[in-house]
Structures are given as structure tokens and as C-alpha cells.
There are 2 protein chains.
Amino acid sequence: MKLVKIYECLCDETRLRLLNLLLQGPLCVCHLQAVLGESQVKVSKHLGYLKVRGLVTASRQGNWMIYALPAPANRSSELEANLACLQDCVQENAVLKSDLAKLKKLDLACAPVAAVRGTGRSIGCC
Amino acid sequence: MKLVKIYECLCDETRLRLLNLLLQGPLCVCHLQAVLGESQVKVSKHLGYLKVRGLVTASRQGNWMIYALPAPANRSSELEANLACLQDCVQENAVLKSDLAKLKKLDLACAPVAAVRGTGRSIGCC
DNA sequence: GATCTATATTCCAATAAAGGAATGTAGTTG
DNA sequence: CAACTACATTCCTTTATTGGAATATAGATC
């Protein structure tokens with residue numbers, strides 16, 4: 001059952017926090033790491049977990065890995081529904097809200113991501 | 001994070017199937033067991049898991065235990081959102097759809113539940 | 001090419017989850 | 001009260017998950 005796989009991805013706090021941040025757009029690992037304040041291994045492993053199960057995609061940009069949610073066209077209806085549901089739940093959740101606030105403060109645009117978009121330089125990220 | 005607890009409940013196929021059935025209304029264990037076709041221990045343990053975490057309530061009716069989702073007034077907004085999301089996802093899911101079909105065939109009203117409602121006799125369930 | 005940065009992977013230990021077999025228990029019926 | 005029904009719980013084994021320490025790797029820079 002594919003649906004269970006989605007819930008397996010959502011049932012860990014770290015992964016929930018990562019997905020919450022990625023709902024704002026693509027981000028490099030170091031930004032994710034900085035916002036969560038968790039160890040490199042922990043963040044990397046959970047991103048790997050999500051990637052294997054197709055909840056995120058990864059692409060390399062120089063030294064940085066950019067993680068993102070699958071493009072809307074590539075999301076199953078179950079995934080779409082659950083991402084929307086998650087977004088609805090963010091407001092009730094102190095940790096998730098605080099993460100979003102930290103992300104905004106960190107740098108409006110993640111440098112590597114900005115480079116991908118062609119709207120920024122890719123020097124120095126975290 | 002309360003939200004994670006909800007996802008922990010949803011991330012197992014058996015529990016997902018149980019919740020899916022309970023979205024139709026209260027049911028006794030033997031009906032749940034009959035629809036799932038799983039062992040008594042397995043069903044009972046997962047119901048216990050859900051009960052401890054507040055996703056279902058249980059009440060005794062004679063020999064039978066009636067499980068139900070919490071009354072809408074007692075559902076957190078996160079739970080409400082996720083139950084709605086789950087219901088949206090049922091259509092995409094063969095197992096969940098098939099379970100609902102089996103439930104309807106089994107007996108339109110679960111005998112113990114009917115007894116609770118005062119609309120049926122409570123003799124013989126499964 | 002040595003070094004640095006950003007990230008992934010391997011190895012390992014601790015903890016949790018899943019489910020069967022057997023047993024216990026609450027309430028019912030004869 | 002003995003037997004039965006419907007569930008729950010305990011004990012145990014297998015397997016999965018989590019995360020740290022250490023190490024590896026890819027690409028950039030000097």
C-alpha cells in the first residue's frame with residue numbers, strides 16, 4: 001500500500017520538519033541542517049530515507065545538494081493530499097512554525113538554490 | 001509533537017485499515033477482525049495501540065468491545081484534518097476500498113453496535 | 001594535486017515495533 | 001458454577017529504526 005509508505009515518511013519528527021521546510025521550496029542540506037539544529041548524519045540520513053521513498057528529489061549544484069519536493073506533476077494524489085494536510089497542520093505546531101521563522105531569517109534565498117535559479121551567486125552557503 | 005503521534009498511528013497497514021473501517025462508524029472487534037481477515041492478537045494489539053494514543057475509544061457492550069473514532073468534538077484539528085485526508089485517499093486504495101465493501105456485506109449494522117443504538121438485538125455477532 | 005567543503009555511507013549499539021503462542025479475564029449462558 | 005464467547009495481555013523472537021563515530025566521496029579552490 002503506497003499510502004502507508006507516505007505515512008512512514010511522516011511519522012518521524014525530523015522528517016516532518018524537513019518536509020515542512022521543503023514545502024517552502026528547494027533547499028540545500030546545510031540550510032536544512034542549520035534550521036533543524038541537528039547533526040549532519042541525522043539530517044543526511046533522513047533525507048536519504050525520504051529520497052529512496054520518492055518524497056523528495058535531490059540534485060547536485062557544485063558542492064551542494066539541493067533537495068526539493070517532487071514537482072506537482074509527479075506527485076500522486078495521496079502525496080498531494082497529505083502535503084496539503086501537513087501544511088494545514090503547521091499552524092498548530094510550534095516546532096514547525098518556529099522552523100519556518102528560522103528559515104526566513106537564515107537567508108531569504110538559499111545561496112545554492114539562488115544560483116540554480118540564476119538569481120544569486122553561489123559563494124558561501126552555511 | 002502531537003502530529004507525529006498521529007502519523008505513527010497511520011503508518012501501519014493494519015491500523016490504517018482499522019481506521020478506515022471506523023470512519024464508517026463504531027464497530028465491534030469481531031467485525032473488524034472478520035473484515036481484515038487477520039489474527040485476533042494482531043487486531044487487538046493494533047486497536048490497543050490506537051486507543052492508548054487517543055485515536056480510538058472503546059466501550060464494552062456485554063461481551064463485545066465497541067471501538068469508535070473520538071467524537072468530532074474531541075478531535076484535535078490535526079486529527080480531523082488527517083482523518084479527512086485519509087478518507088480522500090481511500091478511493092485510490094484497493095485494499096481500503098475492498099475492506100469497505102466487505103464491511104457492507106458482512107452485516108449492515110454490527111449487532112452489538114445496533115444494540116447500543118437500540119435498533120437491534122445483541123445476539124450473535126461473528 | 002593537496003586541501004577544503006559539503007554531503008553520503010559504513011559500522012555499530014540501543015531501542016522500538018510486529019506478531020505468534022499461550023494464557024488471562026470479563027461478561028454471558030445454560 | 002461450569003462452560004463459552006469475545007477480547008486483552010504476557011512472553012518471546014524477529015526485524016526495523018534511530019543515530020553517533022568514523023570514514024568515504026564529489027566537486028571546488030588554491
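So you know, we letter chains A, B, ... as the sequences are listed, proteins then strands, and number each from 1.
When rounded to the nearest whole Å, the span between CD of A:Gln61 and P of D:dG27 equals 12 Å. Put simply, NZ on A:Lys5 is 10 Å from P on D:dA16, counting in whole angstrom units. Atom pair B:Arg60:CZ and D:dA8:C1' shows a separation of 9 Å (rounding to whole Å applied). As a whole-Å value, the separation of A:Leu32 CG from C:dA8 P is 10 Å. Straight-line distance from the OH atom of A:Tyr7 to the C1' atom of D:dT17: 21 Å, rounded to whole Å. The distance from atom NE2 of A:His31 to atom P of C:dT7 is 10 Å, rounded to the nearest whole Å. When the C1' atom of C:dA6 is taken as reference, atom CD of A:Gln33 falls 9 Å away, rounded to whole Å. Here the P atom of nucleotide C:dA6 and the CD1 atom of A:Ile66 are 12 Å apart, to the nearest Å.
Residue pairs that meet the salt bridge (charged side-chain N to carboxylate O under 4.0 Å, His left out) test with at least one member in residues 19-44 of chain B, sequence neighbours left out, are B:Arg17-B:Glu38, B:Glu38-B:Lys42.
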| request: Tell me, with the steps shown, if B:Leu86 and B:Leu96 meet side chain to side chain contact (heavy atoms under 4.5 Å, CB included). | output: CA-CA 10 Å; B:Leu86 173 56; B:Leu96 296 183; 4.3 Å; yes

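Nearest heavy-atom pair, B:Ser76 versus B:Lys2, reported as atom, atom and distance to 0.1 Å: CB-NZ, 3.7 Å.
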| Sequence-aligned protein contact record of nucleotides 18-23 of chain D, with B where the base is within under 4.0 Å of a protein heavy atom and S where only the sugar-phosphate is | SBBB--

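When each of B:Leu100, B:Leu83, B:Val35 is paired with B:Asn20, the side chain to side chain contact (heavy atoms under 4.5 Å, CB included) condition holds for B:Leu100 and for no other.
Atom-to-atom distance recorded for B:Tyr49:OH and B:Glu8:CD is 5.0 Å, nearest 0.5 angstrom. Taken to the nearest 0.5 Å, the OH atom of B:Tyr7 stands 10.5 Å off from the CD1 atom of A:Ile6. The CG atom of A:Leu50 sits 11.0 Å away from atom OG1 of A:Thr57, with the distance rounded to the nearest 0.5 Å. Rounding to the nearest 0.5 Å places OG of B:Ser59 at 6.5 Å from CE of B:Met65.
Phosphate proximity of D:dC7 to B:Ser44: absent, as no side-chain N or O sits under 4.0 Å from OP1 or OP2.
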Considering only nitrogen or oxygen atoms on both sides, find all protein atoms under 3.5 Å from nucleotides 2-5 of chain D and state each distance.
unit_1	atom_1	unit_2	atom_2	d
D:dT5	O2	B:Asn63	ND2	3.4

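The closest donor-acceptor contact from the side chain of A:Arg15 to the backbone of A:Cys9 lies under 3.5 Å.
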